[in-house]
Structure formats: C-alpha cells, structure tokens
Protein chains: 2
Amino acid sequence: MENKTERFEKLLVKNGLKRTAPRLQVLEILSGRDSATSQPYLEQVMGKDADRVTLYRVLQAFEEKGIIHKVLDQQGTANYAICSDGCSAHEHHDEHVHFNCDNCHKIYCLDAVKVPALKVPAGFKVEHLNLIATGICASCSDKVN
Amino acid sequence: MENKTERFEKLLVKNGLKRTAPRLQVLEILSGRDSATSQPYLEQVMGKDADRVTLYRVLQAFEEKGIIHKVLDQQGTANYAICSDGCSAHEHHDEHVHFNCDNCHKIYCLDAVKVPALKVPAGFKVEHLNLIATGICASCSDKVN
DNA sequence: ATGTTAATGCAATTATGTTGCAAATATAGC
DNA sequence: GCTATATTTGCAACATAATTGCATTAACAT
C-alpha cells in the first residue's frame, strides 16, 4: 500500500496544486483526526510552520477543489474535514449529517447517515441540504457513565 | 386590532425587558421582512440610531428570551428572525427548515416544513436538529422566467 | 540549469465581536 | 408628578478574525 504522504501528493497534483509543505501539513493534520477540525485549531497546531494567511489560502484552495469541505458549527466557526472520494470541484457529495457535540465541541461527519429528502414550498429549488445535529457524542456519553 | 408597536411593547414587558427605542426598532425591522435578517444589515439600517454594541446586546437579550432565533447562513453570518409564538426562554420551537437562497442570499424560515426524524449511530444523543437548504428561492425563480 | 508561474510570508488594513464603565433612561414606589 | 433604583445605552478600548497588496521564495516544466 502506498503511504499517506504519497497519496496526498497525488491528490494535490490531480487538482493542479503544487505539493508544498503547508498543504501537506494541513492534509496530514486533517486526516489524523476523527472529526472536523476548526481553523483556530489548525492555526495553533501549525504554529509558526506556516503563516496564518497561508492557512486561510490553503483551506480556501482545498475547498474550491473539493478536497475538503467546510462545516460551520453552532458558533459559526469554520471546521474542515477531508471529503470522501466522490468529491470534486464540480460536485460535492458531502450531504451527510454533521454532529456537533455540545460537550467536547467536536464535529463528526456521520457519513453513514443520509440526509432525508425534503418537501419544500412550490417555487423553491433545493440545491444542497445541510443538516447539523447537536447533542452529546458517543465518546462523551461514555465518559459520563 | 391592536397596532404593531403595542404588540411589541407587550412582548418586551412580558419578557422582563424595558421598552427602549433600540429594542422596538429591531422588532420593527425584523417584523417588516419576509426572511431572516443579518446582523450587518440591521447595523446598516439602524445607522447611528443605535450603537453597534447596543445592537449586539439587544439581539443577545432577544435570543435568550426566545423572542428571536438565530440562523447562521452558509458564510457563517448570523441572521435573525422573530420566533413563532410557541417560543420562550426555556424552549425554542424553531426546528423548522431554513432556506438560504444562493441568488439573493435571503434566508427563509420554512415553518411549514418539518425537520424529519433522524437515525444516528449508537451512543449519539441528538438534542437539536438544524437543517439548512440552499438553492434558489421562489422569488428568484420567478424573476428568471 | 533556468525561466515562469504559483505559493508563501510579511505588513497593513478592515471587519467583527467583547468588556468595562460612566451617563442616560425606563419604571416602580411614593 | 417626583424620586430612587436598576437596567440599558453609548463610548472607548481592546481582542480576535479575516482580507489585501506586494515582494520574496519555491515548485516544476522545459
């Protein structure tokens, strides 16, 4: 099996992006986490390895290319997660449910849970559905017990 | 029928809030619009009638009392709409679908559309559901034709 | 190896949200 | 109506988040 860094490099090239240190680092961090990652957290982890501005631009480029997708938590903070393979710049397939834990504030992508179809009033044309559930995640529920 | 301002004054008193000019003005503006209203828009419309800080505090107080509810649009900007009558400080009944128009960027509260029940993985406890649809609203669809 | 383009880092700017405090104002009690 | 009191406002300062322009650096095609 090819290693992770190689996969990331291919991913960048495929999307016409040069394989630079900050970009690889962002992919490393995001892939190593089980939930969506906030911009502030990324900024903190990367420290002085990359400028704050660079981070913004990396995230923006990744989002445009469909490499990552953005989820806003209940506070309006941007959180990022690597898209499933089906995504591209032209078409995002990230219509799964996101779960925002009130306790640990993690955001989980519940890929397994599909967003149900929706009836909207006449005239409205739905392009995307964005369903965010809030509550207590499995990990936090366990800790209480 | 009692007039609008009287209704608003009663609403404030009922919630233990004094009837001040900025608060009434916010209620006026929100009630006069068919979609949720962004903080920046409110700030612009109110101009020098009220300080920016006051606006933040008015919105915060209203939200705590259940007079308005906040919806974040796809950019993470806060938008506010007056709650339906069932809401109070203790219990928000705003789990209807919000529709974010990609064209005019209005946010509609589709009170008629209920958020469907959801199956989540074991261990997760859902408290609230927040469903935002994006697309083209009825008004913008009409204009194209 | 080198030229070209893309990407980064820095500085400056703008936007957005918060806190503390003094002055102003709503209203309850007289 | 007047006064006391607690709330609310407005200002100033601060804190945080995000954007822009530009010079330098680095990737990679040739």
Side-chain angles (χ1 to χ4, degrees), chain A residues 5-6 8-29 36-65 67-68 70-80 89 105 107, chain B residues 5-29 36-65 67-68 70-80 89 105:
Chain A
T5 305
E6 277 172 7
F8 293 152
E9 292 182 348
K10 280 186 188 168
L11 185 60
L12 291 177
V13 171
K14 193 180 75 180
N15 284 285
L17 299 172
K18 293 181 178 172
R19 40 184 269 292
T20 66
R23 287 175 177 164
L24 289 170
Q25 198 182 353
V26 167
L27 291 175
E28 281 292 341
I29 297 171
T37 304
S38 71
Q39 192 280 335
Y41 177 86
L42 283 168
E43 193 174 322
Q44 187 197 318
V45 170
M46 302 195 36
K48 63 169 200 54
D49 291 348
D51 193 77
R52 225 159 55 82
V53 178
T54 300
L55 177 55
Y56 280 117
R57 289 193 273 226
V58 166
L59 292 172
Q60 188 184 312
F62 283 3
E63 203 190 351
E64 277 167 9
K65 299 295 185 178
I67 295 173
I68 60 177
K70 170 158 66 173
V71 201
L72 298 172
D73 63 21
Q74 295 312 95
Q75 287 78 246
T77 306
N79 286 258
Y80 298 91
H105 299 109
I107 296 193
Chain B
T5 305
E6 277 173 7
R7 274 211 329 275
F8 293 151
E9 293 182 346
K10 279 185 186 168
L11 184 60
L12 290 177
V13 171
K14 192 180 73 180
N15 285 284
L17 299 171
K18 293 183 175 171
R19 40 184 267 294
T20 66
R23 286 174 178 164
L24 289 171
Q25 198 183 353
V26 168
L27 291 175
E28 282 292 341
I29 297 172
T37 303
S38 70
Q39 193 278 335
Y41 177 87
L42 283 167
E43 195 175 319
Q44 187 197 317
V45 170
M46 303 193 39
K48 62 170 202 53
D49 291 350
D51 191 78
R52 225 159 51 85
V53 178
T54 300
L55 177 55
Y56 280 114
R57 289 193 274 227
V58 166
L59 292 172
Q60 187 184 311
F62 283 3
E63 204 191 350
E64 277 167 10
K65 299 294 186 181
I67 296 173
I68 61 178
K70 171 157 67 174
V71 201
L72 297 173
D73 64 20
Q74 294 312 93
Q75 287 78 245
T77 307
N79 286 258
Y80 298 91
H105 299 109

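In this text, all values refer to a predicted model and were calculated from it rather than measured experimentally. Chain letters run A, B, ... following the sequence lines, proteins first, then strands; residues in each count from 1.
- Annotation for Leu12(A) and Arg19(A): closest pair CD1-CA, 3.6 Å, computed over non-hydrogen atoms.
- Going from atom CD1 of Ile67(B) over to atom CZ of Arg23(B) covers 8.5 Å, rounded to the nearest 0.5 Å.
- Side-chain contact check for Met46(A) versus Arg52(A): every heavy-atom pair is 4.5 Å or farther apart.
- Within residues 47-60 of chain A, the residues approaching DNA chain D are Arg52(A), Val53(A), Tyr56(A), Arg57(A), by heavy-atom distance under 4.0 Å.
- Under the 4.5 Å side-chain criterion, counting only non-hydrogen atoms from C-beta, Val58(B) is not in contact with Gln25(B).
- Here dT8(D) presents its C1' atom at 12 Å from CZ of Phe62(B), a figure rounded to the nearest Å.
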Where do N or O atoms of nucleotides 1-4 of chain D meet protein N or O atoms at under 3.5 Å, pair by pair?
none

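- Note: CG (Leu24(B)) to P (dT8(D)) measures 13 Å, nearest angstrom.
- Each of dG17(C), dG10(D), dA7(C) was ranked by its minimum atom distance to the side chain of Pro22(B); first place goes to dG10(D).
- To the nearest 0.5 Å, the span separating CD1 on Ile29(A) from CG on Leu24(A) amounts to 11.0 Å.
- Nearest-nucleotide mapping onto DNA chain C: of Ala78(B) and Arg23(A), the residue sitting toward the 5' end is Arg23(A).
- Nucleic acid contact class of Pro40(A) (heavy atoms, under 4.0 Å, all strands): none.
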Legend entry - Check against side-chain contact (heavy atoms from CB on, under 4.5 Å), Leu27(B) and Phe62(B): CA-CA 10 Å; Leu27(B) 291 175; Phe62(B) 283 3; 3.6 Å; yes
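- Rounding to whole angstrom units, CG of residue Asn15(A) and P of dA7(C) are separated by 11 Å.
- Asn79(B) places a side-chain N or O within 3.5 Å of a backbone atom of Thr77(B) that can act as its donor or acceptor partner.
- Using a 4.5 Å heavy-atom threshold, the side chains of Asp51(B) and Leu55(B) count as separate.
- Whole-Å rounding puts the Gln39(B) CD to dT16(C) C1' distance at 8 Å.
- Between Leu12(A) atom CG and dA27(D) atom C1' the separation is 12 Å, expressed in whole Å.
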Inset, instruction - Take nucleotides 24-30 of chain C nucleotide by nucleotide from the 5' end and write B, S or -, depending on whether a protein heavy atom sits under 4.0 Å from the base, only from the sugar-phosphate, or from neither. - result: --BS---
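- Atom NZ of Lys65(A) is separated from atom C1' of dA6(C) by 12 Å (rounded to the nearest Å).
- Minimum interatomic distance between Gln39(A) and Leu59(A) (heavy atoms only, all atoms of both residues): CG-CD1, 4.0 Å.
- Distance Gln75(A) CD to dT16(C) P: 19 Å, rounded to the nearest Å.
- Heavy-atom minimum distance, Leu72(A) versus Gln75(B): CD1-C, 4.0 Å.
- Nearest heavy-atom pair across Lys70(B) and Ala78(B) is CD-CB, 3.7 Å.
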